[in-house]
Amino acid sequence: MLSPDAQYAANLTALSQQPALQPLLAQMAAMPLTNIQLFPSPTGALLGCVWDVHTQTWMPVCDTQDPVGAADSAASQMWSPNHTIYTMMGLGLGYAVAALCKRLLPYQRLVVWDPDGSIFKAMLYALDVQELFTGKRVEIFVGPNLLAQMEPWHMRLEVHEKLHMALPISHGYTSQYRKDEYAALLTKTMDLIRFHM
């Protein structure tokens, strides 16, 4: 297992080979890692907490005991071969994304929406993200103005994909941390699912 700094460097090197990710990587390079703390868990995986301004408390963005095991357990309960598209609100530290990614079949895809770019940057310290962007149909949208990107993304989907979308998945922290932004993304996703059905 690499140190967080070494993992971050390895992820940047790997992702820099993908031209489509260049704007996001440039954004990450200029973004300080603020309002988030990273520290090791009892299992050795990295944990993260974000500072919630409204409650004036640190809020975990993943399971605080066994983030990898908890994400794997949740993904096994959520995944089904009957769905074509999974939508996730919030990245957390990427453990849930990685766990669901491992289960995706060739006709399935996962899209993640997160308005907080610092959480994406924190994920690059926490785990090897190469599998998320290699050979799997995983798309991660990060930053402001996500609502404007959602409908064009949905309109590019095939008809059969739209008919078999799973209900959106939200990380627990999204119900408090920047909750209005995450709630707006969730509402828009539900509206698009209903519209396409």
Side-chain angles (χ1 to χ4, degrees), residues 24 36 41 45-50 52 59-124 126-127 129 131-133 136-143 146-147 149-158 160-197:
L24 182 57
I36 191 161
S41 73
L46 209 59
L47 299 177
C49 289
V50 290
D52 181 47
M59 185 175 303
V61 294
C62 59
D63 184 84
T64 57
Q65 296 302 311
D66 182 10
V68 175
D72 198 55
S73 176
S76 67
Q77 294 174 22
M78 291 182 287
W79 180 84
S80 166
N82 299 324
H83 298 304
T84 51
I85 298 179
Y86 291 90
T87 306
M88 190 176 292
M89 304 300 147
L91 272 169
L93 281 187
Y95 299 118
V97 177
L100 200 50
C101 175
K102 286 190 293 190
R103 290 167 171 77
L104 292 180
L105 297 174
Y107 59 87
Q108 295 178 312
R109 69 169 77 190
L110 168 65
V111 60
V112 185
W113 304 93
D114 200 315
D116 189 346
S118 65
I119 290 184
F120 180 88
K121 187 168 186 174
M123 178 185 73
L124 298 180
L127 74 158
V129 300
E131 186 178 349
L132 303 182
F133 297 101
K136 299 281 186 174
R137 300 195 332 154
V138 177
E139 295 174 87
I140 298 176
F141 294 87
V142 178
L146 293 183
L147 285 174
Q149 297 176 50
M150 291 183 105
E151 189 165 353
W153 184 88
H154 277 263
M155 295 306 287
R156 288 192 301 269
L157 299 175
E158 299 290 334
H160 71 278
E161 292 179 305
K162 295 173 187 176
L163 292 175
H164 299 284
M165 292 180 73
L167 291 176
I169 305 160
S170 291
H171 276 81
Y173 71 91
T174 62
S175 64
Q176 289 188 330
Y177 176 70
R178 296 177 74 159
K179 64 180 180 179
D180 293 341
E181 292 171 83
Y182 288 108
L185 293 170
L186 181 63
T187 299
K188 181 72 170 179
T189 299
M190 290 302 296
D191 287 346
L192 289 165
I193 290 173
R194 283 192 285 266
F195 172 76
H196 292 306
M197 288 297 285

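Keep in mind that what you see is a predicted model, and the values were worked out from it rather than measured.
By the 30° and 60° cut-offs, the orientation of the rings of Tyr177 relative to Tyr173 is tilted.
Using a 4.5 Å heavy-atom cutoff, the side chains of Trp113 and Lys188 are not in contact. Using a 4.5 Å cut-off on side-chain heavy atoms (C-beta onward), Thr84 and Arg109 make no contact. Side-chain contact between Arg103 and Met78 is absent, with no heavy atoms from C-beta onward closer than 4.5 Å. Between Phe120 and Phe141, the closest side-chain pair of non-hydrogen atoms is not below 4.5 Å. Taking the side chain as every heavy atom from C-beta outward, His171 and Tyr182 never approach each other to under 4.5 Å. Looking only at side-chain heavy atoms (C-beta outward), Ser41 and Gln65 stay at 4.5 Å or farther from each other. Two residues are said to be in side-chain contact when any heavy atoms from C-beta on lie closer than 4.5 Å; Pro67 and Leu93 fail this criterion.
Side-chain atoms of Asp114 do not come within 3.5 Å of backbone N or O of Val142 as any donor-acceptor pair. Put simply, the side chain of Thr174 never gets that close to the backbone of Ser170: no donor and acceptor are under 3.5 Å apart.
Only one option out of Leu146, Ile169, Thr189 pairs with Met89 in a side chain to side chain contact (heavy atoms under 4.5 Å, CB included); it is Thr189.
Side-chain atoms of Gln108 and Trp79 form a donor-acceptor pair, as typed in the model, at a separation below 3.5 Å.
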